[in-house]
Amino acid sequence: PRLGILIVRHLKRLERVILGYLEVSDGPGEEARLAILQTLQCTIEHAWPRMPCRLPVLLKALLRLLWDVHSERGPTPEPVRAALLQEGTQCLILLDRCCQGQVKVLLAGLHSCCEENRLQECFRKVQESS
């Protein structure tokens with residue numbers, strides 16, 4: 001975003017907006033959720049020093065999003081589902097980078113007990129990121 005590091009001033013409010021959009025599907029095209037995932041990526045990139053304290057909330061929201069996208073049987077086309085999973089995974093990778101590998105540690109247990117191939121693939125991408 002144009003604000004750069006000044007986004008930190010608005011982080012609390014922005015976090016509430018991001019979490020709200022991640023929770024709710026907005027139809028087959030999922031334009032809002034895809035856009036909010038990109039917003040989250042920019043936010044993580046610019047406000048990275050503040051991400052470790054927000055990790056529990058953001059990680060929970062992203063994992064819930066990945067699970068919902070994987071398990072929903074609605075009218076969302078496959079390419080849109082794949083894009084949501086990819087963007088959510090990218091957010092996890094960025095979070096992991098600014099949280100000194102904490103996401104990898106937390107996902108290690110999930111990776112071993114999760115039997116869903118698509119989610120395992122997302123977790124594998126996070127584990128293999130550097």
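This structure is a prediction, so every number in the text was calculated from the model and none was measured.
Legend: residues meeting salt bridge (charged side-chain N to carboxylate O under 4.0 Å, His left out) with Arg54, ordered by chain and number and at least two apart, are Glu15. Applying the salt bridge (charged side-chain N to carboxylate O under 4.0 Å, His left out) rule to Glu30 yields the partners Arg33; only residues at least two apart in sequence or on another chain are considered.
At most 12 heavy atoms of other shown residues, nucleotides or ligands fall within 6.0 angstrom of atom CZ in Arg64.
If you check the side chains of Gln90 and Gln41, you find no donor sitting under 3.5 Å from an acceptor.
Under a 4.0 Å N-O distance rule, the pair Arg118/Glu121 does not qualify as a salt bridge. The existence of a salt bridge linking Lys60 and Glu23 is excluded, since no basic side-chain nitrogen approaches an acidic carboxylate oxygen closer than 4.0 Å.
Side chains of Val103 and Ile93 form no contact here, defined as non-hydrogen atoms less than 4.5 Å apart. A heavy-atom distance below 4.5 Å is not found between the side chains of Pro28 and Val80. Using a 4.5 Å cut-off on side-chain heavy atoms (C-beta onward), Glu116 and Trp67 make contact. Side-chain contact check for Phe123 versus Leu63: some heavy-atom pair is nearer than 4.5 Å. Taking 4.5 Å as the limit, every side-chain heavy atom of Val17 sits out of range of all side-chain heavy atoms of Thr39. Using a 4.5 Å heavy-atom threshold, the side chains of Leu84 and Leu66 count as separate. Here the side chains of Thr89 and Leu62 are not in contact, with every heavy-atom distance at 4.5 Å or above.
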Worksheet item: Can you list the steps and then say if Leu94 with Leu40 is a side chain to side chain contact (heavy atoms under 4.5 Å, CB included)?
Response: CA-CA 10 Å; Leu94 290 172; Leu40 178 56; over 6 Å; no
Discussion item. Please determine whether side chain to side chain contact (heavy atoms under 4.5 Å, CB included) holds for the pair Leu65 and Leu37, giving the CA-CA distance in whole Å, both sets of side-chain angles, and the decisive distance to 0.1 Å.
Written reply: CA-CA 10 Å; Leu65 168 81; Leu37 284 167; 3.8 Å; yes
Worksheet entry | Step-by-step side chain to side chain contact (heavy atoms under 4.5 Å, CB included) determination, Leu22 to Asp68 | CA-CA 10 Å; Leu22 288 180; Asp68 288 349; over 6 Å; no
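The two residues Cys99 and Pro52 come nearest to each other via the heavy atoms SG-CA, 3.6 Å. Of all the heavy atoms in Leu34 and Gly29, the pair that sits closest is CD1-O, 3.9 Å.
With hydrogens and angles ignored, the 3.5 Å screen pairs a side-chain donor or acceptor of Arg81 with a backbone N or O of Glu72. With hydrogens and angles disregarded, a donor-acceptor distance shorter than 3.5 Å links the side chain of Gln127 to the backbone of Lys104.
Between the CD atom in Gln38 and the SG atom in Cys42 there is a gap of 7.5 Å [rounded to 0.5 Å]. Between the CG atom in Asn117 and the NE2 atom in His70 there is a gap of 8.5 Å [rounded to 0.5 Å]. Atom-to-atom distance recorded for Leu11:CG and Arg16:CZ is 11.0 Å, nearest 0.5 angstrom. If you take CD1 on Ile44 and SG on Cys91, they are separated by 5.0 Å, rounding to the nearest 0.5 Å.
The hydrophobic clustering, which links ILVMFWY residues whose side-chain heavy atoms are closer than 4.5 Å, places Val105 and Met51 apart. Residues Leu55 and Val57 fall within the same hydrophobic cluster, defined by Ile, Leu, Val, Met, Phe, Trp and Tyr side chains chained together at heavy-atom separations under 4.5 Å.
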